[in-house]
Participant: 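I'd like to ask some things about the structure below.
Lettering of chains follows the sequences in order, A, B, ..., and the numbering in each one begins at 1.
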Protein chains: 2
Amino acid sequence: MAALDSQTPTAGPSARTTGITSPDMGTLNRFVVDLFGVMAYGELSAFERLSSDARFSPTLRDRAALGRLAVTEFEHFEMVSAHLAGLGVDVEEAMRPFQGSIDSFHERTRPADWYESLMKAYVIDAISGDFYTALAGRLDEATRELIGRIQSTTEQGGLLQSRLKAALADDPRLASRLALWGRRLVGEALTQAQRVGIERQFLGGLLFQGTAEDQERETVQLFAQLTRNHSRRMSALGLTA
Amino acid sequence: MAALDSQTPTAGPSARTTGITSPDMGTLNRFVVDLFGVMAYGELSAFERLSSDARFSPTLRDRAALGRLAVTEFEHFEMVSAHLAGLGVDVEEAMRPFQGSIDSFHERTRPADWYESLMKAYVIDAISGDFYTALAGRLDEATRELIGRIQSTTEQGGLLQSRLKAALADDPRLASRLALWGRRLVGEALTQAQRVGIERQFLGGLLFQGTAEDQERETVQLFAQLTRNHSRRMSALGLTA
């Protein structure tokens, strides 16, 4: 994954094979703290964005439903915070490195209306969930358990999907707009995931042990998997990814 | 309370003594539904406003703390919604009559920054709580119990107070601005409470049985009490109400 090398532009090809191949516990812990830091800030800011958008819902019922989704994000933030506190880590310290890139992600993907807001929650929650689950599979039991617990309380997908389907059925012209929006979101999300990986080096270093070539191959596979899952979710709405 | 008569401008003074003096169960239930309707919408919109404001907090810790306050408002909304559903009442129907006046209250009291947002939560949560508690004292056991339960989960006052005190200690010039803001908020809140009472007639009709003169006296007493409690809370911050 060439992009991951951008922090070491002076390193020649031989340096690529000397990447982290077997991270020690200290390194692993730093990766775990990074992972929870990015999750925590992602959830805190998703909560704020979703609840701000809720006000523009077409009905009071929709406002309450979007509010509940926002609150679930905040509850996930609290679960991650409690876990970090248990590890003796200050949650603010853990979140801070990711604040800039996540804020700028949200600035680049401001929903134009309530439907785009719903679609953003649908696309981003799911792809983040897939991403964290893929990372968790390579981490310790406690980390996996927490990520599993968070995923299991995320029943948002079903609600969002049925609400989006209803909206698309009511207004077929919405389909082309939301299909375009979905493509934009997934592009920004994958760019964002790469950027976080570059900034904190956890993607290449932790996820994919072995040579740089192994890492590159596995990264490509992960991103292909994320994209496939996204396409399947768009199809479930009757949209082309 | 002359303002309460504005819905019947053609009624002469003699009509004032023929107000609702002993509401029957049907009327009482309508009052209870109105009370929960205004509470529910008040909490839903407080949630949305607070969580939108959270983003502008000076630190990540403050953002999380304000987010928690917002989530508590949403949890109260859910408690009231569940109670209304148990009474066979649609929460949206119950909230709708109050949407206009509460939205316009928020439009008239947009915080200019994070400190004004904190102050708004401090002032408005407390005065609403006092108001609902005063109403609850005259209502049935189940209603009183729910309002008591909501009040007991409102430990926000302490947190808001200590955060405001810290901010005022850091920046004494903030004091005059927040004292002015506090006066504006309480003025708008009392106007709002009167307006809701006029629109739905529950204040005069339910709270205060007896002649119109009795009702007027009791209304004046209630508002005096709300104002006294507010002054005490401002003093606790070292501010003049």
Participant: Return the minimal non-hydrogen interatomic distance between B/Pro111 and B/Ser117, and the atom names on each side.
Facilitator: CB-N, 3.4 Å
Participant: Using non-hydrogen atoms only, which part of A/Ala64 is less than 4.5 Å away from chain B: side chain, backbone, both, or neither?
Facilitator: both
Participant: Would you compute the distance between atom CE of B/Met39 and atom NE2 of B/His76 and round it to the nearest 0.5 angstrom?
Facilitator: 8.5 Å
Participant: If you count heavy-atom pairs under 4.5 Å between each of B/Ser81, B/Ala54, B/Gly67 and chain A, which one has the most?
Facilitator: B/Gly67
Participant: Quick one: which of B/Asn229, B/Asp125, B/Leu135, B/Leu222 gives a side-chain contact (heavy atoms from CB on, under 4.5 Å) with B/Asp130?
Facilitator: B/Asn229
Participant: What part of A/Asp90 lies closer than 4.5 angstrom to a heavy atom of chain B: side chain, backbone, both or neither?
Facilitator: side chain
Participant: Short question: side chain of A/Tyr122, backbone of A/Arg233 - any donor-acceptor pair under 3.5 Å?
Facilitator: yes
